[in-house]
Number of protein chains: 2
Amino acid sequence: MKIRLEQKEQTRRRLIDAALQLAAEHGFSALSLRDVAKAADITPAGFYRHFRDLDELGLVMVDEIALALRQLIREARSRFKERRGRTRASIEAFMDYVHQKPHLFRLLLGERLGGSRAFREALRKEIDIFIAELGEELEAQARAAGRPTKDIPLAAEAVVAIVFSVGAEGLDLPRHRHSGLIDRIITEVHLVLAGAGLIKR
Amino acid sequence: MKIRLEQKEQTRRRLIDAALQLAAEHGFSALSLRDVAKAADITPAGFYRHFRDLDELGLVMVDEIALALRQLIREARSRFKERRGRTRASIEAFMDYVHQKPHLFRLLLGERLGGSRAFREALRKEIDIFIAELGEELEAQARAAGRPTKDIPLAAEAVVAIVFSVGAEGLDLPRHRHSGLIDRIITEVHLVLAGAGLIKR
DNA sequence: ATGCTCAGTGAACAGTCGTTAACTCAAAGT
DNA sequence: ACTTTGAGTTAACGACTGTTCACTGAGCAT
């Protein structure tokens with residue numbers, strides 16, 4: 001009782017990956033069941049052995065994005081524990097993730113603000129978690145350093161807005177420009193943290 | 001030589017407005033020529049009296065967005081001249097614009113980061129102008145107040161990222177929550193400006 | 001070895017898509 | 001008054017869409 005389920009799982013993955021790729025290129029609402037099936041080397045009818053319709057695939061895609069986002073948070077939090085250059089370490093983790101799964105990230109960016117209402121709300125929820133966890137990390141640091149915590153929630157929201165917005169440029173940039181982009185993001189994040197009294201400049 | 005052109009111009013406007021509305025709801029790449037024509041009370045074939053194909057309509061839509069963005073800049077700059085509460089005045093101008101042309105703004109947000117490459121680059125160019133003009137305004141203020149101007153370009157970029165990202169929430173929010181949202185944006189923008197040494201807190 | 005399960009196939013369906021062609025008929029030019 | 005123009009219509013095309021159905025054939029339990 002293995003080969004069977006294993007192969008099914010493989011084609012399922014191919015379907016999801018194909019869908020993520022295509023959705024990243026032309027947007028989720030431009031997804032075609034037939035294109036997804038073709039890209040996954042499957043007949044259109046075969047699609048229905050895995051999902052009831054495209055919307056169900058859509059839910060799985062959102063879950064996939066949510067999962068990757070949580071892994072990113074974990075990685076960024078763990079790198080954040082370093083003694084110096086916390087901001088740089090976290091943002092490098094973020095950019096690594098962006099370049100490991102570019103279509104996943106592109107889809108996230110495109111559907112977060114545009115896109116259909118349901119999609120948008122699902123992504124907003126995940127990003128709110130992202131912001132909240134960043135806030136916790138900042139608060140722990142601030143308490144340890146005896147600094148004010150009043151502005152932390154808004155600072156976390158601002159930092160995420162900056163990292164997502166500016167980081168998105170990295171998707172269109174050639175490799176050798178990445179480090180410059182990271183420096184830019186770091187400086188902008190430092191502006192926010194300094195404004196909130198969390199670091200001195 | 002009037003009635004004829006006048007009526008043509010009217011249906012052209014109906015086509016553009018219908019396209020903006022539909023694109024805001026389901027994304028530009030999900031636009032259907034037939035849907036656009038129907039929403040503009042025209043037969044599909046009639047569409048071709050106005051545009052060669054959907055892509056040509058797309059270019060016009062980008063121009064439309066660019067124009068509105070420039071009008072917004074003008075309004076925000078003029079309100080920025082006030083003696084006190086410059087930030088608030090500018091951001092209120094921004095939010096006014098967002099609510100006057102919600103689909104135009106929704107489309108802008110959705111296609112800026114996701115969307116097709118050409119669309120994305122066209123919008124990025126316009127937003128870069130937006131950032132540059134904000135930078136000029138900040139620099140004039142900083143010089144007059146004898147404050148440092150070093151971080152202004154990055155501060156402007158960060159401010160725009162925040163205003164667009166957080167301001168996008170206003171599109172999904174009921175009216176009575178708007179003022180709270182504006183307060184939030186103002187505080188976050190002040191964090192950046194304070195971090196850049198442009199205001200004291 | 002035999003029969004069952006079920007992932008994937010091939011063909012057909014009703015709709016929708018973009019696009020073309022020949023048309024109508026009110027406005028504009030003469 | 002007579003002709004020309006051109007915005008918009010109706011009808012049809014081939015291609016593509018999501019979905020259904022009966023099928024095949026390998027993986028599995030017995």
Side-chain angles (χ1 to χ4, degrees), chain A residues 1-62 64 107 111 115-119, chain B residues 1-62 64 107 110-111 115-116 118-119:
Chain A
M1 202 214 291
K2 226 187 292 192
I3 298 184
R4 214 55 202 268
L5 260 65
E6 209 172 282
Q7 287 187 334
K8 177 164 186 179
E9 182 53 34
Q10 281 179 18
T11 48
R12 186 187 149 93
R13 265 253 63 81
R14 289 207 314 276
L15 280 170
I16 297 174
D17 289 340
L20 284 172
Q21 168 123 267
L22 292 174
E25 287 167 15
H26 310 104
F28 174 75
S29 57
L31 263 193
S32 136
L33 182 150
R34 287 181 114 101
D35 282 348
V36 172
K38 189 185 298 176
D41 262 317
I42 287 284
T43 342
F47 178 91
Y48 294 93
R49 298 284 168 197
H50 300 270
F51 306 99
R52 186 147 12 102
D53 52 23
L54 268 175
D55 284 340
E56 194 173 297
L57 213 199
L59 294 181
V60 173
M61 290 164 75
V62 172
E64 198 98 342
L107 181 61
E111 304 293 323
S116 71
R117 185 163 191 118
F119 222 125
Chain B
M1 202 216 289
K2 225 188 296 192
I3 299 183
R4 211 60 198 265
L5 261 64
E6 208 173 285
Q7 287 186 333
K8 177 164 186 180
E9 182 54 34
Q10 281 179 18
T11 49
R12 185 186 150 93
R13 265 252 62 83
R14 289 207 313 276
L15 280 170
I16 298 173
D17 289 341
L20 285 172
Q21 168 124 267
L22 293 174
E25 286 166 17
H26 310 104
F28 174 74
S29 56
L31 263 194
S32 135
L33 182 151
R34 289 181 114 100
D35 282 349
V36 172
K38 190 186 295 175
D41 263 318
I42 288 283
T43 19
F47 178 91
Y48 294 92
R49 298 283 168 199
H50 300 271
F51 306 99
R52 187 151 5 106
D53 51 24
L54 267 175
D55 284 341
E56 194 173 297
L57 212 199
L59 294 181
V60 174
M61 289 164 75
V62 172
E64 198 98 342
L107 181 61
E111 304 292 322
S116 70
F119 222 125

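Every chain is numbered from 1, with letters handed out A, B, ... down the list of sequences.
Look at CD1 on A:I3: it is 14 Å from C1' on C:dA7, rounded to the nearest Å. Summarising the geometry, the separation between CD on B:E6 and P on C:dA27 is reported as 12 Å, rounded to the nearest angstrom. Regarding A:F51, its CZ atom lies at a distance of 14 Å from the P atom of D:dT19, rounded to whole Å. Protein atom CG of A:D55 is 11 Å distant from nucleotide atom P of D:dG18, rounded to whole Å.
Judged by distance alone, the side chain of A:D53 and the main-chain N or O of A:E56 form a donor-acceptor pair under 3.5 Å. Not a single donor-acceptor pair under 3.5 Å links the side chain of B:T43 to the backbone N or O of B:A45.
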Exercise. Should B:F51 and B:L33 be marked as a side-chain contact (heavy atoms from CB on, under 4.5 Å) after you check the CA-CA gap, both sets of side-chain angles, and the distance that decides it?
Worked result: CA-CA 11 Å; B:F51 306 99; B:L33 182 151; over 6 Å; no

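Paired runs in DNA chain D that reach 3 or more consecutive Watson-Crick or G-U pairs, where each pair keeps both distances under 3.5 Å, cover C:1-3 with D:28-30, C:5-30 with D:1-26.
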Problem set entry | Protein proximity profile, nucleotides 11-20 of chain C - base contact B, sugar-phosphate-only contact S, no contact -, cut-off 4.0 Å on heavy atoms | -B----BBBB

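The base of C:dG8 lies close enough to the side chain of A:R49 for a donor and an acceptor atom to sit less than 3.5 Å apart. A donor N or O paired with an acceptor N or O is found under 3.5 Å between the base of C:dC6 and the side-chain atoms of A:R4.
A salt bridge is absent between A:K2 and A:E9: the closest approach of a Lys/Arg side-chain nitrogen to an acidic carboxylate oxygen does not fall below 4.0 angstrom.
No more than 12 heavy atoms of other residues, nucleotides or ligands sit less than 6.0 Å from atom NE2 of A:H26.
For the side chain to side chain contact (heavy atoms under 4.5 Å, CB included) test with B:I16, the passing option among B:Q21, B:E64, B:H50 is B:E64; the others fail.
Of the residues in residues 7-21 of chain A, those lying under 4.0 Å from DNA chain C by heavy-atom distance are A:K8, A:T11.
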